[in-house]
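Here's a structure for you.
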Amino acid sequence: MEAGFISAHAATPGGMYTYELFDAVEMAGEHEKVKAMDIVCLDPRKDVGDMAVKSAVHIMLSFLTGYCRRHETE
């Protein structure tokens, strides 16, 4: 993730913006070879304004949206 948007130890300048990650995760959910997703390295103690937690929820919902779309076409 882009360092300016989220408090995580893996955030770096030049990382992905949240909208890019949401789109990528949704596409991953649509892919038949993807079986699961996990969110790691989320530190609520460093989370300013719950931005990381809210982003994590949106990431999971984006993945599930893609997963549901995959099964709509079956």
Side-chain angles (χ1 to χ4, degrees):
M1 297 283 305
E2 174 65 35
F5 288 94
I6 202 159
S7 299
H9 79 277
T12 58
M16 296 177 84
Y17 289 104
T18 51
Y19 73 90
E20 295 171 321
L21 181 57
F22 300 151
D23 290 345
V25 169
E26 187 172 335
M27 286 191 294
E30 292 174 351
H31 198 282
E32 64 186 40
K33 289 187 176 184
V34 176
K35 304 297 182 199
M37 187 189 83
D38 190 13
I39 296 174
V40 297
C41 298
L42 180 64
D43 188 352
R45 296 171 298 166
K46 295 181 180 179
D47 193 6
V48 178
D50 295 327
M51 286 177 49
V53 172
K54 289 176 182 176
S55 292
V57 169
H58 194 103
I59 289 165
M60 184 57 75
L61 291 174
S62 295
F63 175 80
L64 292 172
T65 297
Y67 185 82
C68 288
R69 283 195 183 136
R70 174 191 342 174
H71 293 285
E72 285 177 356
T73 59
E74 291 180 352

- prompt: Are Phe22 and Ile39 connected, step by step, through hydrophobic side chains (Ile, Leu, Val, Met, Phe, Trp, Tyr) whose heavy atoms are closer than 4.5 Å?
  reply: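 Yes.
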- request: State the CE-CE distance between Met37 and Met60, to the nearest 0.5 angstrom.
  value: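 CE of Met60 is found 3.5 Å from CE of Met37.
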- prompt: Is Leu21 close to Thr18 at the side-chain level, that is, under 4.5 Å between some pair of heavy atoms?
  reply: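 The answer is no, as the side chains (C-beta and beyond) never meet within the 4.5 Å cut-off.
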query: If you round to the nearest 0.5 Å, how far is CE of Met27 from CZ of Arg69?
result: 11.5 Å
query: Can you tell me how far CZ of Phe63 sits from CD of Glu30, rounded to the nearest 0.5 angstrom?
result: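 Glu30 atom CD to Phe63 atom CZ measures 10.5 Å (nearest 0.5 Å).
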side-chain contact (heavy atoms from CB on, under 4.5 Å) partner of Met51, the single match among Val48, Asp47, Val53: Asp47
task: Report yes or no: do Tyr67 and Val34 belong to one cluster of Ile/Leu/Val/Met/Phe/Trp/Tyr joined by side chain heavy-atom distances under 4.5 Å?
output: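 Shared cluster, no.
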message: Would you say Leu64 ends up clustered with Val25 if hydrophobic residues are merged whenever their side chains have heavy atoms under 4.5 Å apart, either directly or through other cluster members?
response: yes
